[in-house]
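A short write-up of the structure that comes next.
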Amino acid sequence: MELVDSPQETYDIIGGLDKQINEIREAVELPMNSPKLFQDIGIDPPKGVLLHGPPGTGKTLLAKAVAHETNAHFMRVVGSELVQKYIGEGARLVRELFDLAKKKAPTIIFIDEIDAVGASRTEANTSGDREVQRTLMQLLAGMDGFENRGDVKIIGATNRIDILDRALLRPGRFDRIIEIPLPNETGRLSILKVHSRKLTVHEDVDLAAVARVTDGKNGADLRAICMEAGMFAIRKKQSAITQEDFVAAIAKVGLDFNRGPVDVEGAMFA
Ligand SMILES: Nc1ncnc2c1ncn2[C@@H]1O[C@H](COP(=O)(O)OP(=O)(O)OP(=O)(O)O)[C@@H](O)[C@H]1O
Ligand SMILES: [Mg+2]
């Protein structure tokens, strides 16, 4: 378990998720920073926000950035850390997590990769499965144990929303669901801009062209392309990264600059 006063991540290092950033700001940042707005109008802000979507698209990044913008304490726990060997141990950890969050409030509890504890309870056959279920029950009870208007918020993240127990998604628990999809071409361009901000790039570099041929790649892949391009430039002792380096980097992550995604199977028999 990790207790951080405030993560370093900010919104400006996230590319292509403007809509999602606005949604999470409204659901988490606004009620924490201006609770009176909600009191005066008389509505309850969401208690929990679930971020879901494919791997490497910026879910963890987004949760950290929203915590940065509030003055809340930030507690991050990864779902698998709550899955323990001994009976009752996972549930105890969850109880302690919520107790500490209340004591330290305002707090954002971030349960990353929540599917490890939040999978549907229908097929619990082994004693291990039953132990995970007990942990999940404690998590549901914990979420019920504080007020919507209170100063504890929960953010969950998963790339398997399809297997999550429906009880987690009921009103009063994760009542705001935000999808974080793979980036489109415009999104890829803004992610590439973020990751090349600190790089020394030659004026011939055309990031829009890189964005065009990287269909299907996520933010983590695009970051890797920028780093690889930098490595090519270093190996050749250049003073700046050139378009050629980007083309080589794209090839290295399994794409063909001229054709877009490489057909891996076709390539094997070519
Ligand atoms: N939208 C984005 N903008 C900028 N960088 C990104 C973006 N998405 C991913 N990245 C880069 O990829 C890294 C991994 O992203 P992150 O950990 O947020 O993905 P995730 O959605 O939580 O993935 P997983 O589902 O595998 O946990 C980030 O640290 C960042 O460098
Ligand atoms: Mg993550």
Side-chain angles (χ1 to χ4, degrees), residues 1-2 4 6-25 27-29 48-69 74-83 108-119 153-164 168 174 176-199 201 207-208 210-212 214-231 241 246 249-250 252-255:
M1 220 176 327
E2 196 185 345
V4 206
S6 176
Q8 295 306 304
E9 285 78 359
T10 52
Y11 294 127
D12 70 341
I13 62 161
I14 304 175
L17 294 175
D18 297 344
K19 191 173 123 259
Q20 288 83 353
I21 290 175
N22 280 335
E23 276 182 69
I24 199 169
R25 292 188 71 173
V28 180
E29 198 184 306
V49 176
L50 184 70
L51 306 175
H52 76 97
T57 45
K59 298 183 292 297
T60 301
L61 212 55
L62 188 54
K64 290 183 168 173
V66 76
H68 176 94
E69 298 296 331
F74 184 65
M75 298 171 69
R76 173 173 187 247
V77 56
V78 180
S80 56
E81 293 171 355
L82 299 174
V83 177
I108 293 175
I109 302 179
F110 175 38
I111 308 177
D112 207 355
E113 295 160 32
I114 194 170
D115 41 282
V117 275
K153 292 271 169 238
I154 308 185
I155 302 177
T158 181
N159 45 48
R160 289 303 308 276
I161 195 174
D162 55 309
I163 62 164
L164 284 193
L168 275 171
F174 287 109
R176 186 66 63 90
I177 296 181
I178 303 178
E179 189 188 355
I180 314 287
L182 277 176
N184 61 16
E185 190 177 324
T186 323
R188 291 195 299 276
L189 179 57
S190 51
I191 296 172
L192 286 165
K193 282 183 180 159
V194 165
H195 288 289
S196 56
R197 215 176 269 160
K198 282 193 221 144
L199 306 179
V201 292
L207 290 179
V210 177
R212 209 173 309 126
T214 41
D215 189 30
K217 293 288 163 191
N218 62 28
D221 297 328
L222 296 169
R223 174 171 181 264
I225 288 174
C226 291
M227 296 305 125
E228 286 297 340
M231 286 309 299
I241 306 170
F246 271 100
I250 291 167
K252 195 161 175 189
V253 301
L255 293 174

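Scope of the values below: all heavy atoms of this structure, side chains included, with no hydrogens, waters or symmetry mates. Read the numbers this way: they start at 1 and go in the same order the structure lists the ligands and their atoms. One-based numbering along the sequence shown.
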Using a cut-off of 2.8 Å, find all protein N, O or S atoms closer to the Mg ion (ligand 2) than that distance.
-> T60 OG1
Show which atoms of ligand 1 fall inside a sub-4.0 Å distance from at least one heavy-atom site of P55.
-> 23 (O), 24 (P), 25 (O), 26 (O)
Does the side chain of F110 come within less than 4.5 Å of V77's, by heavy atoms?
-> no
I155 vs I24 side-chain heavy atoms within contact, under 4.5 Å | yes
L62 heavy atom under 4.0 Å from ligand 1 = no
Proximity flag G56 to ligand 1, non-hydrogen atoms under 4.0 Å | yes
Nearest neighbour in protein (non-hydrogen) for atom 10 (N) of ligand 1 = G219 C, 3.6 Å
Taking heavy atoms and a distance under 4.0 Å, where does T57 meet ligand 1: side chain, backbone, both or neither?
-> both
Heavy-atom contacts under 4.0 Å between R223 and ligand 1: side chain, backbone, both, or neither?
-> side chain
Check whether any side-chain heavy atom of L222 lies under 4.5 Å from a side-chain heavy atom of H195, and answer yes or no.
-> no
Using a 4.5 Å cut-off on heavy atoms from C-beta on, say whether the side chain of D221 contacts that of V253.
-> no
Backbone, side chain, both or neither: what part of I191 comes under 4.0 angstrom of ligand 1, heavy atoms only?
-> side chain
